[in-house]
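A short write-up of the structure that comes next.
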Amino acid sequence: HISYGATITACAYAGNLDTALQLLARMRAAGITPDLVCYNACMLACDKAGKMDTAYELLKKMPEDNVEPDLYTYCSLIAACQAPDDFDRAKQLMADLKALGLRPNEVIYNAMMDVCAKCGKADEARSYLSEMRADGVQPSLVTYNTCISAFSRIGDSNTCMELLQEVRHDNLKPDKISYNGCINAFGNTGNWPAALTLFRGMMTAGVEPDVISYTSCICALEQSNEWQKALELLADMRARGLRPGEIALRVCTRMCAKNDKWMEVQVILNEMDSEGFLPP
RNA sequence: UUGUACUUGA
């Protein structure tokens, strides 16, 4: 029944793996053989819950129901590789799916590049970008954003900016995520002036900054102890109708405290309390 | 849009 698939998917996004698996069991009890979509939805639930082992167990059980894994299945398996040393495992999954005769599509490459990003393997992410082009698979904005994220995490802002150019060269328009990634790259190297310049640049380009854009700039300012600029951004963000999140408020509190600005600390702490955020 | 996958902040 189709509603099982939809329900299991809902469980996946709610982070409720146990219920997802119970639904699979209930299907069998009702004499219904789980189909590929139900398995994939459970795989997704494993991914969201960070249960790699359960995902592999499901993969092993699929043949019992005469279900063949597809690209959705492998996407969730690859995406479940979240630990810093899961890169080799993801690479193996990539080999496995090819051995089954499946051809990686854009989403698979994106997922693989995201593993690279999370494992600190930025150069490998770039290689996958080349590989997908060579395979005739068109990179999308998600692809570039993932690659930017990979270089942002290792603090390679030059490559991030190059990738931003490649986005345009590919006739795509950088979005908030693209810019935010580059802003973080500058922040990660302590280059707050460049972060703020790009922040202004995104507005000039007609891309609206969001809470993450502001928060990334505020984080960039923390290393250099630029508390006044951080508070300006906080005010700016409110003027734009954006509500500072827990991260921005915590970072600002830290900075103000470090500089003995106790009145400012008090004001922010009160706001955090009324928002239901924990004090830093 | 017709049950399933990928990207940004302490």
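Quick note: numbers below take in every heavy atom, side chains included, and nothing from hydrogens, waters or symmetry partners. Naming: A, B, ... by sequence-line order, numbering from 1 per chain.
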Grab the [atom1]-[atom2] distance between [X] and [N] for me, whole Å please.
X        : N     : atom1 : atom2 : value
A:Gln223 : B:rG9 : CD    : P     : 15 Å
A:Met27  : B:rU4 : CE    : P     : 14 Å
A:Leu233 : B:rG9 : CG    : P     : 18 Å
A:Leu23  : B:rG3 : CG    : C1'   : 13 Å
A:Glu222 : B:rG9 : CD    : P     : 16 Å
A:Leu242 : B:rU8 : CG    : P     : 20 Å
A:Lys176 : B:rG9 : NZ    : C1'   : 14 Å
A:Glu106 : B:rA5 : CD    : P     : 14 Å

Taking only Lys NZ, Arg NE, NH1 and NH2, and the carboxylate oxygens of Asp or Glu, determine whether [X] and [Y] approach each other closer than 4.0 Å.
X        : Y        : result
A:Asp123 : A:Arg126 : no
A:Lys51  : A:Glu57  : no
A:Lys91  : A:Glu124 : no
A:Lys118 : A:Asp114 : yes
A:Glu271 : A:Arg243 : no

Using a strict heavy-atom distance below 4.0 Å, which residues from [range] are in contact with RNA chain B?
range                       : value
residues 82-89 of chain A   : none
residues 111-140 of chain A : A:Ala111, A:Asp114
residues 177-185 of chain A : A:Ile177, A:Asn180, A:Asn184
residues 204-218 of chain A : A:Val211, A:Ile212, A:Thr215, A:Ser216

Output all residues satisfying salt bridge (charged side-chain N to carboxylate O under 4.0 Å, His left out) with A:Lys258, sequence neighbours left out; order by chain, then residue number.
none
Specify the closest pair of heavy atoms between A:Pro69 and A:Leu102, including all atoms of both residues, with the distance to one decimal.
O-CD1, 3.9 Å
List the atom of A:Ser213, the atom of A:Met202, and the distance in Å for their closest heavy-atom pair.
OG-CE, 3.7 Å
How long is the gap from CE on A:Met112 to CZ on A:Phe87, to the nearest 0.5 Å?
4.5 Å
Measure the spacing between CD1 of A:Ile183 and OH of A:Tyr214 and express it to the nearest 0.5 Å.
10.5 Å
What verdict does the side-chain hydrogen bond (donor to acceptor under 3.5 Å, both in side chains) test give for A:Tyr128 and A:Asn110, after you've listed the backbone C-alpha separation in whole Å, the side-chain angles of each residue and the deciding distance to 0.1 Å?
CA-CA 9 Å; A:Tyr128 279 109; A:Asn110 294 346; over 6 Å; no
Identify which nucleotide among [options] has an atom closest to any side-chain atom of [X], counting heavy atoms from C-beta outward.
X        : options              : answer
A:Cys75  : B:rG3, B:rU7, B:rC6  : B:rC6
A:Cys219 : B:rU8, B:rC6, B:rA10 : B:rA10
A:Ile247 : B:rA5, B:rG3, B:rG9  : B:rG9
A:Val251 : B:rC6, B:rU4, B:rA10 : B:rA10

State whether the side chain of A:Asp273 and the backbone N or O of A:Leu269 hold a donor-acceptor pair below 3.5 Å, judged by distance alone.
no
Applying a 4.0 Å non-hydrogen cut-off, can you work out what A:Asp175 is touching in the nucleic acid: base, sugar-phosphate, or nothing?
nothing
Would you indicate what A:Asn188 reaches in the nucleic acid, counting non-hydrogen atoms under 4.0 angstrom: base, sugar-phosphate, or nothing?
nothing
Does a side-chain N or O of A:Tyr13 approach OP1 or OP2 of B:rA5 to a distance below 4.0 Å, or not?
yes
Phosphate oxygens OP1/OP2 of B:rG9: is one of them under 4.0 Å from a side-chain N or O of A:Arg250?
no
Going by the rule side-chain contact (heavy atoms from CB on, under 4.5 Å), which residues pair with A:Glu222 if we only count those two or more places apart in sequence or in a different chain?
A:Val251, A:Arg254, A:Met255
Just wondering, do A:Leu233 and A:Leu196 contact through their side chains at under 4.5 Å, heavy atoms?
yes
